[in-house]
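Keep in mind that this is a model prediction, so the values were computed, not measured. Values reported hereafter were calculated over all heavy atoms of this structure, with side chains retained and with hydrogens, waters and symmetry mates removed. Naming: A, B, ... by sequence-line order, numbering from 1 per chain.
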Amino acid sequence: LYFPQSTYSETIYVGQPAGAPVLQVHSMRERPSEEPYFCLSWRNIQKPPLYAAWFHLDPLTGVLYMNKTLEWTDFDSLSSSTLGYTRKLTLKVAAAPVSQKATCIHHSRVDVSLTFINATAPSCGQKMEKLCFPDGDISSHIKENRLPGALRQLRRFTHADICPNYTISYRVEAGTIEMPFAVNNATSELVVTAPVDREEKELYRLIIVCNVRTADMLHRLDTPLLINIYDEDDTAPYVNGTDSEDVLIEFSRSEGTVFGHVFVYDRDTTPSYPKDQTENKFVGTLMTNDSWIKDTFTILHGFREEKAMFGNVRGTVHEYKLSLSRNVLVDERRSVQLDYLVNDTTYPGTEGTVMLHFNITILPVPIQFSNITYIFVLSRKSSIYSQIGKVCVDNCLKFKGIDIVYQLEISDRNVSSDVLSCYTTVNVARSLEEMSGVLYVNDTKPFYRPECQELQYVLVAQEQQKQLQTKTHLLIIFDELSIKMAERPRSLTCAEKRQRGECETFKGMGAPTGRCHWRQGTDKGISENYSTCSPDLRTCPDGYCDVIESKNMSICPQDCTRVPIIGGHERGLMLGIKAGYGTCYCYSEKCFCEQDEMEEPICDDMC
Amino acid sequence: SSLSGLGTHGWRAPMDCLRASEMCNQNPQCSSRFRIMRQCLVGRDRTTMLANKECQAALEVLQDSPLYDCRCKRGMKKELQCLQSYWSIHMGLNEGEELYETSPYEPMHFSDEFRLASIISAMDSALSKGNLCSDTGKPCNPCLDAAKACNLNDTCKRQRSAYIATCNRATPITHNQEPCNRKRCHKALRQFFERVQTEFSYPLLFCSCRDKACAERRRQTIVPACSFEEKVKPNCLELRRTCRSDPLCRSRLADFHMNCQTTPHSITSCPNDNYHGCLVSYVGLIGSDVTPNYVDANHTNITISPWCSCRGSGNQETECEAFLRDFRENACLRNAIQAFGYGADAGFLPITESQSVVPSERPNLQPAIITKPVISSNDIKPVDSACVFSTCANLKDGGQKCSPSNSFECADESMLDPNMDGS
Amino acid sequence: CSLQEEEVTVSQLGLGYISDETVLFRYCSGRCEASRRNYDMTLAILKRNSKLIKEDLKKAKHRPCCRPTAYDKNISFLDNQSRYHTIHEVSARKCGCV
Amino acid sequence: CSLQEEEVTVSQLGLGYISDETVLFRYCSGRCEASRRNYDMTLAILKRNSKLIKEDLKKAKHRPCCRPTAYDKNISFLDNQSRYHTIHEVSARKCGCV
């Protein structure tokens, strides 16, 4: 048995006579043999509330009657924590099969909410619709695939005696499409005449016609009544098109990477509430005993509710994706067919399962420099931390889950110790966000020694899991014979300079040309294109504190600073100055962003 | 019960739940039952536990104790403990999945109306002091005036800066991490509304707007990117369940439902025509799991909603939509906000849900004012009044001339075609 | 030397933020004669005595400055593109001769 | 903004004491550009913006001052009439931008 309404509500007035019906509760049958037995159920059976005695419930029809005539004093006897001229009385009606009427109060219950108004019933001639229909939203619900039966009393019992010589009758407005609903004229109950299929239609919008015949007039009042059709798991899952997906695993081999997806459809709804939901629950099983497959792959399952694709009726689309539960070795080579059984556990029928297939191909990734040698020309004026260039094993920018480390070795070991000491000039560091290497100036002293002309390195790239290694040649050529010691700069930060003139004559860290570069902003207001002095406009500022810049905060504070920024600015997500007002410049403890005209002196009391 | 005396108007003055539980603990019979009740509620399957004899007996005793009718005061000392005491007994009394629960807070009486009047007068004085709105030529932006009034008041400015700095802190966005610390942001918002006088905080929330920029500023008041929006919209019933697992949120939601529920039997659509009660309980929700906010910068027609949807409600879609409707289509809340915002502008007419008919009643209550209801032009919605066609019963007999009643104009005939399908 | 205040819009603060919100800008102004020490007196005399013409002595401040001794932690506002900003230590909270 | 020092005789301190003893006079000097706050930037802009011509705004200090943050407690010496004197807070001990 189930109740076709989530709550029953009605208004009662002073003077409501004893024996008068108030409303009728219905209970829909789940099995033909069920006959409902109704009872009033109070939380505290021994001490029901004061107003319990005012009502009586017919156990067979579910009609609630007044047991006494309501007086003005009855209203005042009700204590309430709110003021005003209405009181809310909450009753609970339970319904059990007649065979279990002894335990009726322990069966499922529905709320009956009565609004007791501190006034007598309205006189005849008031709003006609009050005689026909209750206040507010009227809606009912029935389960799909269930038996016909009465689901709602249309008459408004509490207003029946207001106009005794009116005759009120109801009917369902005939519509173009067949509606399995009708009115039982004898009882004015709305009846569902046949089982309904939610997957066909989940909401019926009936027009209830109420005819009120007075002495000389016939009034017809229409109002919509919504009937929601409740779902049950009565349709099997199915696949639309393909139940398999081809997956190629090559450069992306890291844990958590997701590949491909297969969709399974189900015309039933799948409630996402409550979280540990039980209806229409899909369970999936990996159909393999191969431990390597079990340890390497997992299937991710998510679902969402859709309507349009199911003929404007809610249904569910399940999505299955293949995901790596660990890194795949760089030299792994394998072809696997992974079968995954999806089971609609609450579907009663036999075809509640669907088998999905993931055809997986894993290719090994060669760690090699295919026919490439690196040659870079380096200015002796370069300052320390100048970025020289990038090195990258084949496809290194696509690598995920393959860890590469780069190192430099000296090609010819038996050169003189003097020449050997030239090789401290260059070093390599692995980039932070990809698997490439960044060559940079690590020591500027060799720039001032004529014997250091050309450096021949061996660039070694080593994969960290299987220690696969590859090498190639790296040639660094100095652009001049030598420079005098006097020109040797004290390594400082370009970012301190706040004007073009002093910037472009300054030797700051990270400057490949040995000179800082001025970027002139053009926008008004706070802008990402702020004016600033930078060692290398290719990499600073670019909103990203790269592996070389993070070695020393003075190289590019615009990308890496964490110090307070004074003036109009927007901080980068992680670090640095994303946007600034006018010119941005930085000292060790603070950065400033301000308009350039700050320069001309303004007076104060010391002038 | 015997311990709580009757207040004025035959209304019972509630005892504070902290004192009530202290009194219960001093009474051996009451304290033992109170312990049993708490054990009854701890079990996962509460309903069966509550059906067992011992729990029933405990409930029986507790219904006679001051705990049964106790209440809490907003902003009182140890408010949270008071609310926890309240729910420890009322969780047993409710079924748990009710649409509406009784609010643990003491009701706001009519005397509080005057506080609303003072708020409105504060708005009047702000407007009359010749601020932006009354200056000719300057665009009228009451929300900007509210921000100015707040910035010029030390407490308001400090508290406002505190919650903005907390909510606006763009923590580094690593993959799919939320842009800010939502919990800390909610706490800062709650502190703002608890510590700042309503005369400064309410205008920021309920200022009346005549253009989009003003409406967008109003929408941004609670820093929605952090306190309101989330990557995924949860199901509203799931949101309600999460809220009801926290005593503070549960109390604020119950209070909102109680004070803002659209009431057909009132002129303002608010329970006891109490706008202020609705506004206070709405603000009480800000900073909880069910934080509501304006959904867009529409300055003509405000829509307020929590951040949730009814997708995935299964068979509880109607209940979910009812929960959402209490925010999105709430005439009481809308009237209360507009009354506050337009309070300074005369001529504000509350929208009523349906014709408010108060039948003949006891002589000392003031007569009801009946306003003409408005039927939407294109559809009958269940909540609207029915559509009436009247014809003369004896027209054919050419008898006495009768004029059909035309109390309503109905929409065009097509609207009545029942197979008009919409979901 | 005392705290003064001025109602200005955020845009008028001149930091580059564009917002019509009005904020209270507090600043320190006034004389500090009465707070001088022997140090100040000596420094003023040494600066006047042309024999000691060291550059940095000339620039040294021979009078206490009327400056903020505490600042409002921050000011938050909504700019005209409906984005929130928080700026730190804009307005003075306490003044003193330092 | 750093601590500088100068060897001077007590007489040269110009406080009226006559003594040939030489003492070390320390003072603070240097730029405070790098210590400015939003307060200083805003104040500078408001002062330049002629509309706000309030007198005390004009006098307000829009830059931190390089001033002593701690002083030598005192200096004692024997004057030329063989009498001892102690003078307080003549020499700076620490400097800062305030």
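Chosen from D:Ser91, D:Pro64, D:Gly14, the residue pairing most often with chain C at heavy-atom distances under 4.5 Å is D:Pro64.
For chain C, the nearby parts of D:Cys65 are the backbone and the side chain; heavy atoms of each come within less than 4.5 Å. Residue D:Arg31: no heavy atom, backbone or side chain, is found under 4.5 Å from chain C. With a 4.5 Å cut-off on non-hydrogen atoms, C:Asp40 touches chain D through its side chain but not through its backbone.
The side chain to side chain contact (heavy atoms under 4.5 Å, CB included) check on C:His85 picks up C:Tyr17, C:Phe77, C:Asp79, C:Arg83, with sequence neighbours excluded. Residues that satisfy the salt bridge (charged side-chain N to carboxylate O under 4.0 Å, His left out) test with D:Arg93, not counting sequence neighbours, are absent from this structure.
Two rings, from D:Tyr39 and C:Tyr71, have their centers less than 6.0 Å apart.
Counting all heavy atoms, side chain and backbone alike, C:Cys28 lies closest to D:Ala60 at O-CB, 3.3 Å.
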